[in-house]
Amino acid sequence: FTNDLKSVNHIPGMRPLFAPFSLFGAAFGTRWWNPGLNWPWEWRKSAFFNHTHDVISIVPVISGGSSVYTCSMDVAKQILAAEGKTQLFKPRRIVAGLLLWGENIVAASGDMWKRHRRIVAPALTSKTYALLIIETIATYREMVDAEGWRDNDHISVTDFNRLPRKLALILIARCGFGLPMPWVDAPTENGLTFGKSLTIVTETVIPRLVIPTWLYKFPIERIRIIEAAWSGLGSFMHTFLESRKDELQATDDRQRGDILSRLVTAMDSVGKVSLNEQEVLGNIFTLMFAGHETTASVITATLGYLAIYEDEQEKAYAEIIKVIPERQDPTMDVLQNLPHLLACFHEAMRIYPAGVAIVRELTEDITIKVKRPTEEQLTLQQGTLVVVDMIALHHNPNVFSEPDVFRPSRWYGVPEHDISMFGMGPRACIGRKFSHTEALCFLFLFLRDWKISVPLRDGETRKEYEERVMGKAGMEGLVLGVGPISLKMTRR
Ligand code: HEM
């Protein structure tokens, strides 16, 4: 413990029994003696001594390694700017959940990361975004039919969160990989639909890591279903990849524009632009995780806030009907011309930054400048685990005034590369445009057709509702999201 304190330069902070990223830490939940997994949300105001400290340390007394956390934009930028040289590394134990299918862009470090990024980032092209708009419109219509909304003028939906989650998974599957995934799909031999298997797989990464393999032999229904979903999907993906390879070889059609065709093409290349089959699979699954829960969680939060703040909703509606008065469907030009709606999406993302933590291990000492509590230089030692706490950073009153207030106008005119919720430096998100296109297109269609409000309890004010419902956030799968929200919808 004394050595651990020394390794983090005695920076003040928490001294819990278990480290947050350790097995015991995660198992016990958030209590005063154990931060657990939800402390970044629950202690977002207090953890950094009410934001009077730019950095804190967490040094566990019983088990787990020590770490240094920051809630400062300046410090985060100083640390992440070092990426691409040699000073940062993604610890394998932290990204283990992302390695279940193979090496990939999110989990890799150093030269391996450069190779993956060089291939995967350019695989998202203008053709991908054009397809995404077409598919978002089609999927929205499928959803309206399947949910029975077409002939109703007044609708109440509980647990609205499941709808954007399903929409986003369908869209990344269809547009990224050409995978067949309708809103309502047919069951297969083992009773699991393709969509259901994919959903189970994306939701059970942590159980899959923790459950020992021998337990899969026992007749426990829940575990049997998890196993069936993982193995069924594994063999499906293998066959699917083989057939796409044959298709591409037969037609030499390398210009299809979906992400998978680009990745499969990299299997034929050599050196700095090549991937093997396991790496292609690894990237497919990683993009599916990174590309659906994040955007879905922010779409839900945006609608949750717009239902409470009706003035912001009316402003968004006015913007929508101004760009397309005849209720036509949106095009890319139209979607790029919705500054208020985009600002609403960014503000919901600031309050719930879906990517909660940027985690790196230092491969050499680095010296950073901090401002709080006093201006000084601080040396962080090689081997230190450094975490940018995205929740504390985006709720830091030194960066965002009145951070608890939903105020979209704070994002007007902010350049794209300053939208910090997508990360910073060379490893910032490659899916920003994908996420913007999908979210704006869906929000456009939804708000054009429906006026939304919230089901208040008797005598409850909107402010009280906001505290009761929007204050309850937590980890959903691998990302932060608002708890279940209900919406009342009235046809426009
Ligand atoms: C609201 C939506 C999203 C948010 C808030 C978000 C957030 C982030 C953040 C914070 C990072 C940096 C992580 C780090 O440095 O460790 C990141 C990286 C990444 N994101 Fe996103 N993301 C979103 C949507 C997407 C989508 C739609 C895709 C894919 C289609 C995607 C793919 C990726 C990938 C592949 C990386 C890793 C980049 C690298 O390491 O080089 N993300 N994202």
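Both counts, for ligands and for their atoms, begin at 1 and track the order of listing.
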List every atom of ligand 1 that sits less than 4.0 Å from any heavy atom of Trp113, numbering the atoms from 1 in the order shown and giving each element.
39 (C), 40 (O), 41 (O)

Tell me whether Arg350 forms a cation-pi arrangement with Phe400, defined as NZ or CZ under 6.0 Å from the six-membered ring centre and within 45 degrees of its axis.
yes

Quick check on contacts: which atoms of ligand 1 are under 4.0 angstrom from a heavy atom of Val298?
1 (C)

Is the shortest side-chain N to carboxylate O distance from Glu361 to Arg93 below 4.0 Å?
yes

Counting C-beta onward and ignoring hydrogens, is there a side-chain heavy-atom pair between Trp43 and Asn38 closer than 4.5 Å?
no

Suppose we call two aromatic rings close when their centres sit under 6.0 Å apart. Are Phe289 and Trp101 close by that rule?
no

The option among Gly355, Cys429, Gly431 carrying the non-hydrogen atom nearest to atom 8 (C) of ligand 1 is Cys429

Top protein contact for atom 36 (C) of ligand 1, by heavy-atom distance
Val106 CG2, 4.0 Å

How far is atom 24 (C) of ligand 1 from its nearest protein heavy atom, and which residue and atom is that?
Thr294 OG1, 3.4 Å

Identify the closest protein heavy atom to atom 27 (C) of ligand 1: which residue and atom is it, and at what distance?
Gly291 CA, 3.5 Å

With a 4.5 Å heavy-atom cut-off, do Val95 and Val106 have their side chains touching?
no

Judged on heavy-atom distance to atom 16 (O) of ligand 1, which of Glu293, Met390, Arg360, Glu83 sits nearest?
Arg360

Test your reading of the structure: does Ser435 have an N or O sitting under 3.5 Å from an N or O of ligand 1?
no

Going by the order shown, which atoms of ligand 1 are within less than 4.0 Å of some heavy atom of Ile105?
35 (C), 39 (C), 40 (O), 41 (O)

Measure Thr295 to ligand 1 on non-hydrogen atoms and call it side chain, backbone, both or neither using the 4.0 Å cut-off.
both

Nearest protein heavy atom with distance in Å, relative to atom 5 (C) of ligand 1
Met421 O, 3.7 Å

Counting from 1, what ligand 1 atoms have a heavy atom of Gly423 closer than 4.0 Å?
10 (C)

Residue Arg117 vicinity, atoms of ligand 1 by number, heavy atom under 4.0 Å
38 (C), 39 (C), 41 (O)

Of the protein's non-hydrogen atoms, which lies at the shortest distance from atom 30 (C) of ligand 1, and what is that distance?
Ile172 CD1, 3.9 Å

Should the pair Asp54-Lys369 be classified as a salt bridge under the 4.0 Å nitrogen-to-oxygen rule?
no

What protein heavy atom is closest to atom 34 (C) of ligand 1, reported as residue, atom name and distance in Å?
Ile430 CG1, 3.8 Å

Are His346 and His394 an aromatic pair by the rule of ring centers under 6.0 Å?
no

Classify the angle between the aromatic ring planes of Trp450 and Phe446 as parallel (below 30°), tilted (30 to 60°) or perpendicular (above 60°).
tilted

In Å and rounded to the nearest 0.5 Å, what is the OG1 to CG distance from Thr286 to Leu281?
10.0 Å

Report the member of Arg432, Lys114, Met288, Arg427 with the shortest heavy-atom distance to atom 40 (O) of ligand 1.
Arg427

At what distance is the nearest protein heavy atom to atom 32 (C) of ligand 1, and which residue and atom is it?
Ala290 CB, 3.6 Å

Counting non-hydrogen protein atoms only, what is the nearest one to atom 11 (C) of ligand 1? Give residue, atom name and distance.
Phe422 O, 3.8 Å

Kindly assign one of parallel, tilted or perpendicular to the pair Phe406 and Tyr305, based on the angle between their ring planes and the thresholds 30° and 60°.
parallel

Any Lys/Arg nitrogen of Glu142 or Arg174 sitting under 4.0 Å from an Asp/Glu carboxylate oxygen of the other?
yes

At under 4.0 Å between heavy atoms, what of Lys90 touches ligand 1? The answer is side chain

Would you say that Trp411 contacts Ile419 through its side chain, given a criterion of any heavy-atom pair below 4.5 Å between the two side chains?
yes

